[in-house]
Trainee: 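Okay, here's the structure, questions in a sec.
Note that the structure is predicted; figures quoted are calculated from it, not measured.
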Amino acid sequence: MRRKQDLEFDGKKHSHPGIISSVLGAIALLADVIVLVIAFMQSGQAGRMVGVTGFLAMWVSLVGLYYGVRALREKETKRLFPRLGFVLNLLLLAGFGAVYALGM
């Protein structure tokens, strides 16, 4: 019976900043979905707490984007988590920008 390490051919490991980027992107996405649902249920009159939560989610996404870029620059690591974190955080920041632009 083969062990898992016998099946790895490249010897690369997952990037820690890439994993952090992906986790931060998932947290920001979850917070954004919750904020949007609450704002929709209250017809846009959700209050200051929802706005602050959305703003903090934007900053979490920005930090996640930083870690994603940092992870993409690493050599000899797997690329799944850095790419996932980078794309997720970039799309979230674009979404936050769109919400801000439409709100003006």
Trainee: Is it the case that one hydrophobic cluster holds both V35 and L30, taking links as side-chain heavy atoms less than 4.5 Å apart, direct or via other members?
Mentor: yes
Trainee: How about R79: does its CZ atom have over 12 heavy atoms from other parts shown lying under 6.0 Å from it?
Mentor: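 Yes, the 6.0 Å shell around CZ holds more than 12 heavy atoms from other groups.
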Trainee: Please list, chain by chain and in numerical order, all residues satisfying side-chain contact (heavy atoms from CB on, under 4.5 Å) with L90, sequence neighbours excluded.
Mentor: L65, F86
Trainee: Are L72 and L84 connected, step by step, through hydrophobic side chains (Ile, Leu, Val, Met, Phe, Trp, Tyr) whose heavy atoms are closer than 4.5 Å?
Mentor: no
Trainee: Of all residues at least two apart in sequence or in a different chain, which pass the side-chain contact (heavy atoms from CB on, under 4.5 Å) check with A39?
Mentor: A46
Trainee: Which pair of heavy atoms, one from F81 and one from H14, lies closest together, and at what distance?
Mentor: CD1-ND1, 3.4 Å
Trainee: If you look only at pairs with a residue in residues 34-46, which of them pass as a side-chain hydrogen bond (donor to acceptor under 3.5 Å, both in side chains), with sequence neighbours excluded?
Mentor: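 Listed once each, the pairs would be none.
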Trainee: For residues 56-74, pull every pair meeting side-chain hydrogen bond (donor to acceptor under 3.5 Å, both in side chains), keeping only residues two or more places apart or in separate chains.
Mentor: S15-E74, S61-N89
Trainee: With the 4.5 Å side-chain cut-off for hydrophobic clustering, are I38 and L29 part of the same group?
Mentor: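 No, I38 and L29 fall in different hydrophobic clusters.
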Trainee: On a heavy-atom basis, which atom in A28 and which in V60 lie closest, and how many Å separate them?
Mentor: CB-CG1, 4.2 Å
Trainee: Count I, L, V, M, F, W, Y as connected when their side-chain heavy atoms are under 4.5 Å apart, and connections chain through other members. Are L93 and V99 then in the same cluster?
Mentor: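 Not linked; separate clusters.
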Trainee: Same hydrophobic cluster for F55 and Y100, using side-chain heavy-atom links shorter than 4.5 Å among ILVMFWY?
Mentor: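 As far as the 4.5 Å side-chain criterion goes, Y100 and F55 are not connected within one cluster.
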Trainee: How long is the gap from OG1 on T77 to CD1 on I19, to the nearest 0.5 Å?
Mentor: 10.0 Å
Trainee: Given 3.5 Å as the limit, does a donor-acceptor pair link the side chain of S21 with the main chain of P17, or not?
Mentor: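 Answer holds: no.
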Trainee: Remaining members of L36's ILVMFWY cluster at a side-chain heavy-atom cut-off under 4.5 Å?
Mentor: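 In the cluster with L36 there is nothing else; it is isolated.
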Trainee: Kindly give the cluster partners of V52, where membership spreads through any ILVMFWY side chain lying under 4.5 Å from a current member.
Mentor: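 So far as hydrophobic clustering goes, V52 is joined with L56.
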